[in-house]
Structure formats: C-alpha cells, structure tokens
Amino acid sequence: MPYKDREISKMYYTMGEVSAMFGVNQSLIRFYEKEFDVLQPKKNKKGNRYFTPEDLENFKIIFHLINDKGYTLQGAKDHLKTNLNDTRDHQRVIDSLESMKKFLLEVRDQL
C-alpha cells in the first residue's frame, strides 16, 4: 500500500485559507462574522482574523444552513440558538459520511 500523507490540522487558519476552503469571497465571511455570534475569530494587532477549527465547524454549519437548506439569515440564527448542539452532531455525521464516500470512491477507482 502506498505511503499516505497524514492530514495536517492547524490551530489557526487565515481569512484567505477559509475563503479558499469554502469557495466564497472574504467579504461573505466578514458578513457572517458580524451576523452570527458563534463565529468569533481571533484578531491580531493589525486586525487580521485567525479562525480556529471550531470557528471553521461553525462556519460550515452556517454555510450549510443558508446555502444548502435555504434558511434565511434570521432563520439560521434562530435555528443555531435553539439547536446548536444537535446541529453540530448532524454536521459531524455528514462530514464522516462524506469522508467515507470519498474513501469508497478512491477504492473503486483503484480496482
């Protein structure tokens, strides 16, 4: 079996890295940061934002609710206020299923 690189997880991600991960403009990330209280990136003295993995998870949830499920901004805020832990659990399940699908597709392609 060929050598497989271990996925590197960082402690902080820059605004450019986050926008590239999700394929959105940086202005959208700043807008969501203002609108949603769960997004609290660290800022240095220059004002550069640094996102933790928890911030990325919260952004992924917000992005999923608004873009995939069609929630309005207010609807997504209300949903997160009442069901934040359940939504996080559901997002973790979705992420694990997507990684399983990716793995299975790689195995199929190798056959």
Side-chain angles (χ1 to χ4, degrees):
M1 191 170 226
Y3 175 74
K4 198 161 196 167
D5 287 331
R6 188 172 52 123
E7 187 174 319
I8 299 172
S9 62
K10 297 167 66 173
M11 291 184 71
Y12 293 102
Y13 296 88
T14 63
M15 175 75 85
E17 291 172 331
V18 175
S19 67
M21 281 182 209
F22 291 96
V24 297
N25 292 332
Q26 294 179 5
S27 59
L28 181 68
I29 297 170
R30 286 191 291 273
F31 176 71
Y32 285 172
E33 177 192 348
K34 289 178 186 175
E35 291 293 320
F36 293 94
D37 295 333
V38 295
L39 286 179
Q40 296 294 326
K42 308 277 189 248
K43 293 183 184 178
N44 64 5
K45 291 181 182 180
K46 291 169 95 177
N48 297 339
R49 292 166 176 84
Y50 291 102
F51 294 87
T52 62
E54 183 180 339
D55 290 328
L56 289 180
E57 184 179 325
N58 290 333
F59 186 77
K60 187 183 287 188
I61 291 169
I62 292 167
F63 194 75
H64 174 71
L65 288 175
I66 293 174
N67 291 336
D68 296 338
K69 289 198 169 188
Y71 279 66
T72 62
L73 288 176
Q74 188 61 44
K77 286 180 196 177
D78 295 340
H79 183 78
L80 288 175
K81 283 181 184 176
T82 58
N83 302 322
L84 182 61
N85 291 331
D86 291 339
T87 307
R88 280 186 181 160
D89 291 340
H90 287 135
Q91 189 63 39
R92 286 186 188 121
V93 169
I94 290 170
D95 292 341
S96 66
L97 289 173
E98 286 176 353
S99 66
M100 179 69 74
K101 178 182 176 182
K102 181 180 174 185
F103 172 74
L104 291 173
L105 288 174
E106 288 175 4
V107 169
R108 183 192 70 184
D109 291 341
Q110 290 178 358
L111 293 176

| Got a salt bridge between Lys81 and Asp78, using NZ or NE/NH1/NH2 to carboxylate O under 4.0 Å? |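 Looking at Lys81 and Asp78, the cut-off is not met.
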| said: Tell me whether Asp95 is salt-bridged to Lys60, with the criterion being a basic N under 4.0 Å from an acidic carboxylate O. | reply: yes
| Has the side chain of His79 got a donor or acceptor atom that lies under 3.5 Å from a matching backbone atom of Gly75? |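 Such a contact is absent between His79 side chain and Gly75 backbone.
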Can you tell me how far [atom2] of [Y] sits from [atom1] of [X], rounded to the nearest 0.5 angstrom?
| X | Y | atom1 | atom2 | answer |
| --- | --- | --- | --- | --- |
| Gln91 | Ile94 | CD | CD1 | 5.0 Å |
| Phe31 | Asn25 | CZ | CG | 13.5 Å |
| Arg49 | Met15 | CZ | CE | 4.5 Å |

| message | Is the shortest side-chain heavy-atom distance between Lys102 and Glu98 below 4.5 Å? | response | no
| message | In the structure I gave you, are the side-chain heavy atoms of Glu57 and Thr52 within less than 4.5 Å of one another anywhere? | response | no
| Quick check, are the ring centers of Phe22 and Phe59 under 6.0 angstrom apart? | yes
| said: Tell me which one of Ile61, Ile62, Asp55 satisfies side chain to side chain contact (heavy atoms under 4.5 Å, CB included) with Val38. | reply: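 Of Ile61, Ile62, Asp55, side chain to side chain contact (heavy atoms under 4.5 Å, CB included) with Val38 is met by Ile62 alone.
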| task | Following the transitive rule for hydrophobic clusters with a side-chain heavy-atom cut-off under 4.5 Å over Ile, Leu, Val, Met, Phe, Trp and Tyr, establish whether Leu28 and Ile66 coincide in one cluster. | result |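 In one cluster: yes.
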| Heavy-atom closest contact (Tyr13 atom, Pro53 atom, distance) | CE1-CG, 4.3 Å
